Amino acid sequence: MKLRIFVTLKNGVLDPQGKAIHKALEGLGFAGVNDVRAGKLIELDLADDTSDASVDEMCRKLLANTVIENYRVERA
């Protein structure tokens with residue numbers, strides 16, 4: 001089973017990487033970019049019998065810092 005885990009910063013958490021990308025895009029002449037938020041994508045290839053609870057535990061314990069990040073699981 002293939003999964004994609006999308007990890008993003010929660011609203012209100014400062015995103016210096018997103019700000020740097022935004023500034024670079026403006027510097028390259030791209031107009032109309034109002035805001036940038038950077039995140040990460042993690043792809044997992046798991047055994048078919050891996051439970052949703054186990055995937056959730058992986059996310060909470062290692063893949064995302066749930067204090068400042070949200071995560072979303074998508075089956076590929």
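Quick caveat: nothing in here was measured; it's all calculated off a predicted structure.
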- Item | Expected output: side-chain Glu69 to main-chain Asn65 donor-acceptor under 3.5 Å | yes

- Query: Are any of the side-chain heavy atoms of Asp35 and Lys19 separated by less than 4.5 Å?
  - Reply: yes

- Passes side chain to side chain contact (heavy atoms under 4.5 Å, CB included), Tyr71 versus Thr66? Steps please. CA-CA 8 Å; Tyr71 63 90; Thr66 57; 4.0 Å; yes

- Task: Identify the heavy atoms of Val33 and His22 that sit nearest to each other, and give their distance.
- Result: O-NE2, 2.7 Å

Which side-chain N or O atoms in residues 36-46 pair as donor and acceptor under 3.5 Å with protein atoms at least two apart or in another chain?
{"residue": "Arg37", "atom": "NH1", "partner": "Val13", "partner atom": "O", "Å": "2.9"}
{"residue": "Arg37", "atom": "NH2", "partner": "Lys10", "partner atom": "O", "Å": "2.9"}
{"residue": "Arg37", "atom": "NH2", "partner": "Val13", "partner atom": "O", "Å": "3.2"}
{"residue": "Glu43", "atom": "OE2", "partner": "Arg4", "partner atom": "NE", "Å": "3.3"}

- Trace of the side chain to side chain contact (heavy atoms under 4.5 Å, CB included) decision for Glu74 with Leu3: CA-CA 6 Å; Glu74 179 182 284; Leu3 298 177; over 6 Å; no

- Query: Are Met1 and Met58 grouped together when hydrophobic residues (ILVMFWY) are joined by side-chain heavy atoms under 4.5 angstrom apart?
  - Reply: yes

- Query: Should the pair Arg75-Asp52 be classified as a salt bridge under the 4.0 Å nitrogen-to-oxygen rule?
  - Reply: yes

- Note on the structure: Separation between CD (Glu26) and NZ (Lys23), nearest 0.5 Å, reads 9.0 Å

- Message: Test your reading of the model: is there a side-chain donor-acceptor pair from Thr50 to the backbone of Ala47, 3.5 Å cut-off?
- Response: yes

